[in-house]
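One structure is given here, and the rest of the page talks about it.
Chain naming here is simple, since letters A, B, ... match the order of the sequence lines and numbering starts at 1 in each. Every heavy atom of this structure was used, including side-chain atoms; hydrogens, water molecules and symmetry mates were not.
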2 protein chains.
Amino acid sequence: MTARGRRNITIKDVARYAGVSTATVSRVLNGSSPVKDELVERVQHAVTTLGYHPNAAARTLKTRKANAIGILVPDISNPYFMQIIKGIEDVMALDFSLLMASSDEDSNKEKKLLNVLSEDRIDCLVLATAGGNDEVIRTIDEKGIPVVLIDRLPESLANVMDSVVEDNFWSAYELAQSMINLGIKSLGIIHGPMSASTAYQRASGCMAAIRQHAPRLAVREYFGDFTLESGERAVEHFLQEDAPEAIIALNNLMAVGAISKLIKHGFVIGKDIVAGSYGAIENYLLFGSSLRYVEQEPRTLGKLTGRVVQRRLEDRHAEVVSHVVKQQLGITVK
Amino acid sequence: MTARGRRNITIKDVARYAGVSTATVSRVLNGSSPVKDELVERVQHAVTTLGYHPNAAARTLKTRKANAIGILVPDISNPYFMQIIKGIEDVMALDFSLLMASSDEDSNKEKKLLNVLSEDRIDCLVLATAGGNDEVIRTIDEKGIPVVLIDRLPESLANVMDSVVEDNFWSAYELAQSMINLGIKSLGIIHGPMSASTAYQRASGCMAAIRQHAPRLAVREYFGDFTLESGERAVEHFLQEDAPEAIIALNNLMAVGAISKLIKHGFVIGKDIVAGSYGAIENYLLFGSSLRYVEQEPRTLGKLTGRVVQRRLEDRHAEVVSHVVKQQLGITVK
DNA sequence: TTGTACGCGTTATCAG
DNA sequence: CTGATAACGCGTACAA
């Protein structure tokens with residue numbers, strides 16, 4: 001399909017043109033062993049005049065190195081994950097390709113993509129799992145491609161493979177505590193899907209803070225799914241009764257949905273109601289009023305992930321590392 | 001590196017286990033020609049018990065099809081491009097991988113990435129070029145991998161390969177016109193880098209609208225580089241004299257920078273000053289006041305791009321298509 | 001319907 | 001230092 005009769009230029013053509021063997025060409029190209037200067041020049045000349053490009057598939061087949069890493073995240077268009085990817089890119093060499101895919105928070109789609117990705121086309125897989133594929137993931141890591149888990153860490157995989165995650169429990173704990181400290185009497189919590197380890201841990205953190213610092217707080221909960229729409233629905237739900245004095249959304253997208261809904265209902269954030277979000281909201285600082293949030297710094301997380309990947313690439317049998325990154329609390333004021 | 005002594009499971013192992021030939025296994029796996037039911041079952045059984053995964057590199061080497069498309073954009077973290085990618089993903093088959101890279105608006109980096117990507121690892125390249133690599137791109141397309149240009153269309157490449165771009169001239173024209181119609185007397189324009197075809201065309205569109213509809217408008221210009229920071233600098237620049245009655249930023253990021261700076265200076269957008277943006281601003285509608293903008297619909301553009309890719313994949317010699325998509329004007333009101 | 005055997009483009013091993 | 005040549009894992013003529 002690529003060629004229509006027209007053959008590709010191969011290392012053989014270069015060898016013939018330069019009057020050397022394919023082995024010598026390969027050595028010049030990879031610097032794998034010394035070659036006489038004159039031949040080096042002849043080869044380089046042949047390469048440029050012929051417009052030769054090495055064939056990645058052949059090289060991968062031979063060396064068992066793909067020079068690529070795979071990245072599988074639940075939502076490719078979530079700025080949080082994009083920043084992580086950007087961070088990974090920051091630290092990887094330029095000739096390393098990023099093979100990306102998005103599971104759309106769908107376990108089945110994730111499984112299919114895991115199969116495609118495990119066809120030996122990547123050297124390492126960075127995965128923020130949608131959940132439900134622990135066995136498949138374990139298999140891939142054990143007898144296939146090393147896996148680095150990010151963001152989500154299913155219990156059964158902890159300490160089995162490398163991971164870089166946030167300290168969801170304590171970050172959520174501190175977020176809730178900072179709101180409790182304002183003296184609120186009632187609080188609405190918008191949860192993520194409990195199948196995601198992050199959602200569960202954030203929920204636990206909130207509840208722990210409440211138990212310790214405000215056991216008599218009137219708490220109402222809504223169980224969303226990390227989407228903007230579920231944040232909107234949560235607010236509609238809360239407003240069926242008296243509005244709580246504060247509201248806390250356990251991810252950025254739900255926070256956007258919830259806050260926009262509140263604004264539409266005439267609430268002034270920070271005055272009529274206190275708002276908290278796990279994760280910053282893009283551009284919020286420009287237009288919004290007060291917001292308390294967990295500052296996630298995804299790009300930094302990405303860089304750290306990149307370094308973990310490199311380490312694993314260098315030594316497949318290095319000790320498993322589990323990074324748990326503590327986040328900062330932030331407050332925007334207009 | 002991948003294996004440490006441990007051989008991979010190949011089609012040969014499957015064949016031996018199932019007691020058939022490798023050819024039969026291949027036929028079962030690809031459905032390339034009929035196989036007796038009993039053998040099909042034996043093979044499938046062998047595949048699952050052995051945990052066999054086809055080797056993508058070997059298949060690519062043999063078939064000259066990579067089952068992957070490359071995407072090279074100037075900024076991987078710009079939501080605009082992410083939505084385009086999402087759109088492409090929407091229409092591509094699940095077993096098609098996306099190989100992504102970001103040139104960071106840097107011609108040299110783009111060139112290196114183009115080289116890496118042209119190593120026969122993708123079947124088609126979707127490219128939003130940073131400029132300055134026209135010759136390389138032409139070569140890749142002509143005797144290598146078909147290229148689909150998106151967003152940016154260098155003059156020398158127009159009608160040479162497929163393209164999907166916006167109607168930058170007329171969209172900018174209409175944006176400017178809609179602001180002129182408000183009866184403003186002065187306008188500040190924030191341009192992008194003239195090396196990008198989009199920036200140039202948008203500038204032309206604005207100027208044409210002014211010549212036609214308000215030749216005596218007091219116009220001031222600032223030449224930015226599509227970054228948020230340059231939008232901020234533009235406003236600082238304009239405010240050294242009397243503020244213009246209206247301001248227009250010719251991409252989304254510069255608009256964010258400009259508007260936030262204006263807000264910091266105490267301006268109320270839509271009241272003290274009219275604001276226009278080429279491209280919507282994420283979440284603006286939720287918190288901001290009035291804004292006139294060109295609605296880009298990148299996801300739709302992405303889907304269209306995906307279809308162009310598929311068409312090109314089916315017939316390498318199909319006629320070249322150039323899609324120029326007209327955008328809508330939008331206005332947000334609080 | 002099935003099996004044999006060759007070649008895709010590289011790198012690596014082994015002689016020279 | 002250099003050159004033959006054997007793999008790498010797969011698909012596919014060709015033969016049976």
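Nearest heavy-atom pair across Asn8(B) and Asp13(B) is O-OD2, 3.5 Å. The two atoms that bring Val43(A) and Val14(A) nearest to each other are O-CG1, 4.3 Å, heavy atoms only.
Rounded to whole Å, the distance from CZ on Arg59(B) to C1' on dC8(C) is 14 Å. One interatomic measurement links the two molecules: CG of Leu29(A) to C1' of dA12(C), which rounds to 15 Å at whole-angstrom precision. Taking atom CG on Asn55(B) and atom C1' on dC8(C), their separation rounds to 13 Å, with Å as the unit. Rounded to whole Å, the distance from CD1 on Ile11(A) to P on dT10(C) is 5 Å. Here dG7(C) presents its C1' atom at 11 Å from CZ of Arg64(B), a figure rounded to the nearest Å. Note: CZ (Arg16(B)) to P (dT2(C)) measures 20 Å, nearest angstrom. What separates CZ of Arg121(A) from P of dC10(D) is a distance of 13 Å, to the nearest Å.
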Identify each atom pair where a protein N or O and an N or O of nucleotides 3-7 of chain D are less than 3.5 Å apart, giving names and distance.
unit_1 : atom_1 : unit_2   : atom_2 : d
dG3(D) : OP2    : Ser21(A) : N      : 3.3
dG3(D) : OP2    : Ser21(A) : OG     : 3.4
dG3(D) : OP2    : Thr24(A) : OG1    : 2.6
dG3(D) : N7     : Arg27(A) : NH2    : 2.6
dG3(D) : O6     : Arg27(A) : NH1    : 3.4
dA7(D) : N3     : Lys62(A) : NZ     : 2.7

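The side chain of Lys36(B) has dT2(C) as its nearest neighbour among dT10(C), dC10(D), dT2(C).
Looking at residues 47-54 of chain A, you'll see Tyr52(A), His53(A), Pro54(A) sit with a heavy atom under 4.0 Å from some atom of DNA chain C.
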request  = For Arg121(A) and Glu119(A), run salt bridge (charged side-chain N to carboxylate O under 4.0 Å, His left out): C-alpha distance rounded to whole Å, both residues' side-chain angles, the deciding distance at 0.1 Å, then the answer.
outcome  = CA-CA 6 Å; Arg121(A) 63 177 91 212; Glu119(A) 292 182 0; 3.2 Å; yes
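Among residue pairs with one or both ends in residues 77-96 of chain A, those qualifying as side-chain hydrogen bond (donor to acceptor under 3.5 Å, both in side chains) are Asp75(A)-Ser77(A), Tyr80(A)-Asp151(A), Tyr80(A)-Glu166(A), Lys86(A)-Asp75(B), Lys86(A)-Asp104(B), Asp90(A)-Arg299(A); sequence neighbours excluded.
Regarding contacts with the backbone of dG11(D), a side-chain N or O of Ser26(B) is found under 4.0 angstrom from either OP1 or OP2.
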